[in-house]
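A short worksheet on the structure shown next.
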Amino acid sequence: MIPHALIIAFLLPLESVGLLFFARGFFPYKPVFHGYAPIESDTPPAVFDKVIFMVVDALRSDFVFSNESSMRFTQSLISSGNALPFTARAAPPTVTLPRIKGVTTGSVSNFLDAVLNIAESDSSSSLVGQDSWLIEFKRRHVPGKLVMFGDDTWLKLFPAIFDRYDGTSSFFVSDFTEVDNNVTRHLDTELETSDWDVMILHYLGVDHIGHKGGPYSPFMPDKLKEMDQIVEMLYEYAEKAQETDGKSTLLVLCGDHGMNEIGNHGGSSAGETAAALLFASPLFSKLGSGLRAPLNATDNYEYYNVIEQVDIVPSISGLVGNPFPMNNIGVFVPELLRFWSRSDQIKLLRQNAEQMCRILKETFTSMAMPVTDAQGLLAGNDIDKIRGLWDQIGQPYFDETDDPVETLYAFLRLSQNVLSRTSSNYDISSMVIGLCLVFWLSSLAFRRALFSTSADFVTKAVFAVGTTIYAISIFGSSLVEEEHYFWYWSASAWLMTQFILSARVKSTTAGLILISLLGVLSILRHYHHTGQKYAGSYDIAQFLSSDIAAGLLWVLILLEHLIIFKNLHFYVFADVSPLIAFVCSFTPVISLFSFKMSMALEAGEKVPPVLAAITPTSTGADQLLNRAKTSFLSIVICMVFHTLSTVWSTKRDQFKFIRGAFHIAVLFLVVQTSSVNIPIFLLYEAIRSLSWRLAADYRVTTPLAVVLSTLIWQRVSFFAAGNSNSLATVDLSNAYNGVSGYSVIPVGILAFVSNFAGPIFFTLSGTLQLSIWKTSSKSTRSVEDIFIVDFLSLIHAFHAVSLLAVMGACMVLRSHLFIWTVFSPKLLYTVGWFLLQQGAVDTIIGLFIVVVSDLL
Amino acid sequence: MARIKSTPRQIATPSAPTSATAVPYKPNTLFPENVITSSALLAFPIVTVILSSLLPSDPVKILGYSLPAVALIQAVNILFTNPAPEPVAKSSGNKKKKQAKNTVSTTILGLVLSMLLTPFIHLIYVLFGAPVTVSIPATFLLSAHTALLALFPILCTYPLDGVTWTNLVALKAPVTPAYTAALGTIAGAWLGAVPIPLDWDREWQIWPVTVVFGAYVGNALGRLVGAVFSGKEKML
């Protein structure tokens, strides 16, 4: 037992070191040019003097353009020709920080930005020294004046560039109004003063509503109307400024990214990447666009012309007469060219092309080679084509050729395509060191799991085969996206194997239990349809969150509360007098219920009127904060009581302590679960009690079988709760329970627990099953021995091998099209599973409970 | 596996007192089984090819129309491989042990029983992840095909008693082509579900095309394995 523990203590940190090496090489900061674009002497005249850049977070294209949208004024701007609408395709990861980088510097994002987006305190993401269209205003002869109101990500990216600013933290996703009023309250004075050249507004309300209630939340139409009124106010200002002091103002309305059907973002689905984009000004009417608005809603979210989001950057720079930022790979939007004469158009595009060519030359050494056969090159690969086109553009009489604008666009589009595909420079040696280290350690762990654990041939065979298939499946991008199918499929296979085993020992009870477990599994797999292919198709969660099922949902939630109450009453407060036991177990449950109820009311979910009536109606952020704190406090009190009562108890009962701790932990897990997912705990409880009965039948169950079941149920419950391998499904709505300000550790823990509630549940339930097995089989082994030798070895080996497989996939497929959209998020999730679930929960907390239960 | 388990409970319960003293199973060696089996081995790949090429266009129609043909092929196959009268089914009406007069009646009885058990197979498919609310006719016809492929030969080959069927589930029964073909069908159907979620965008990646294909391929392979290892006392 002790040597086993020491080996885990040796392997785990070393594997983490290997992971660190790998991550350092795999997620490098993308090479960027420092310094600024040269000032062009002969630029086409500026069309606009001032820019209002209004970002509405998660403003998906259909929120503005479809006939279901409530943004009537904005739509009237399009139909009257005063605005040019686009669908701007945002590059994944579709989270705010990389997207702001994209729309200011024009460069493709670095995957690490997605992580930094969450680690809000990080300052390494600042864009100091990098060129952007904002900096270009500051580099004018008379430096421009910049003001910013809204998401404080801008302040992090551009420290000390804004003359006036007011930042709002973006992570209180439960706040819909305050975040936006914080921005709007500055508008009156700013529009009055009007001394700025650039005003940036970043509204977060739409994103927050999306996270809480999805794109069709009842709060959404009103919020969009509010945004519409702000557009109206800004447009009227632009009109007035034009008339009174002749200053032309460009109003840009854009979403930094979209959202998917359940209101999340981060991945690469159609809804997440389709952001709305609108250029508005009275000057546009003379271009005569002749577009109509609104359009009928479409499934692919493509409205009007689809452009790349980075194309905003050269377009703004060109329109205000600034040079194009150094790292820009955006292409000037063709529709906006009509402000200039033909020769100016060519001049502008040529500057765009020259700027892009500097990046090409830096990235591809072959760009510098002299061109001998331009026509031949055009038939070659993309780089050759680019060289051929660039050669044509460089010819002396290029401007007089048939269609110079076409040729320039062909060059720009192809270059953009190639440059956005080019992955960053990996530090291969660091990756190889990490990979070798993890390979060595994981094969050690795998061998130990097979040969040093207790005897059970069937389970070991299933484990070895299953782990191998899993490791291979990671190399397929759609198998990563649809990983939940692997687990549902292996869960049924494992249940079937156990069924055969139970038939061999002629245990009818075990057979019936396994069939029931199969039934629970088939409900679980339809609770959330996750992944990519069938994501958003009708499932139990959607049914439960619909208005007609609100009653049923809350009955199920009440039922789960009742079960928690029963468990606390009988297993935690069993030794005290009935009245005290009742009060002690009722208090945490009722505080949990009232917290969940006010959270649901706050989020605008439908709640049965009967229940809403008995819950105090005074909601609001403070109230919510206090209720969450009350819940946490009552959990702590329960735990303290449970520990003390075990210490003072004369009867030494290891099983009883673990059991009580388990039930208190469930209380905490439910606090961290959104209301629609609380009924899923009923299914978990069903699996737990069925598995306990199975574990009590020592003829069909071995410790290793319990561990393998735990491993499988952990994954099944993770995916059944709606998680996936895409960053889009990270649920932050419970990450701020009881926390009043952003601070990385509590928020990180709460976010982890709310996303990994199922796996944590099954870790503890598995630990308990091991002690049940020990009691029923009258084994001479201690619970600690079973836990360390069997549980930890097997779980650790699986996670180590899967870590190795994911690292291997990222290494081998590093130039794969999906490396940033599929494999990198998978690597992040694997780090979460490996370090937090396996390292912190399974190993440290599990070991702690088992050891403490023995000491008490 | 569970699908077989459900059978004895349904069929054998009425004759429970006698099932305890069931006649021990004797492998049938009267006919040149390998000849017949090899012809069946040929028949099913052909059916598989025809089915799988037609299936994606309209699974329900193709599965429905091919059902009688598959039943016929299976029946003929069973008639020729099981010629000797075996104690197969017991009449539940008069609770009197009655041997089937000839293989024809055994085969007909087996066919009727396997068709009657189709809803249970449907339920098992749902337990293993088949769509619940949509594609019900397709799943039902898939279950009917599975019944014909896996259950029908078993019902005609093995006596209907609890011990035999527990052994069948526990992989302890003597190896026959019928048994291995049934196991092959189950494994094939289970593996057949694998490609459905992949992003290959092929027209055949719809429920239940790949599962039907897997079941047929598994059946043919199982039959082949059974023909080679026939007569072995135990599976595992």
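In what follows, chains are A, B, ... by sequence order, proteins preceding strands, each numbered from 1.
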Q: Would you confirm whether B:W190, through its side chain, and A:S492, through its main-chain N or O, come within 3.5 Å as a donor-acceptor pair?
A: no
Quiz item: For B:L191 and A:W489, what are the C-alpha separation, side-chain angles and deciding distance, and is it a side chain to side chain contact (heavy atoms under 4.5 Å, CB included)?
Solution: CA-CA 9 Å; B:L191 288 170; A:W489 190 75; 3.6 Å; yes
dist A:S522:OG -> B:L123:CG (nearest 0.5 Å) comes out at 8.5 Å
**Message:** Within the structure provided, determine whether B:V134 and A:Y538 are in side-chain contact (heavy-atom separation under 4.5 Å).
**Reply:** no
OG1 of A:T497 to CG of B:L171, rounded to nearest 0.5 Å, is 9.5 Å
So, the part of A:A491 with a heavy atom under 4.5 Å from chain B: the answer is neither
Looking only at heavy atoms, the pair that brings A:R504 and B:K172 closest together is O-NZ, 3.3 Å
Interface check, chain B: of A:E482, A:R525, A:H526, most non-hydrogen pairs under 4.5 Å belong to A:R525
Atom pairs and distances, donor-acceptor, side-chain atoms in residues 137-144 of chain B, under 3.5 Å, two or more places apart:
residue	atom	partner	partner atom	Å
B:T139	OG1	B:S135	O	2.8
B:T139	OG1	B:W207	NE1	3.0
B:S143	OG	B:H122	N	3.4
B:S143	OG	B:T139	O	2.7

One should read off an interatomic distance between B:I124 CD1 and A:I515 CD1, to the nearest 0.5 angstrom, of 7.5 Å
### Message
Is the shortest side-chain heavy-atom distance between B:N167 and A:K506 below 4.5 Å?
### Response
yes
Across all chains, not counting sequence neighbours, the side chain to side chain donor-acceptor pair (under 3.5 Å) partners of A:Y488 are none
Turns out that what part of B:I196 lies under 4.5 Å from chain A's heavy atoms comes down to both
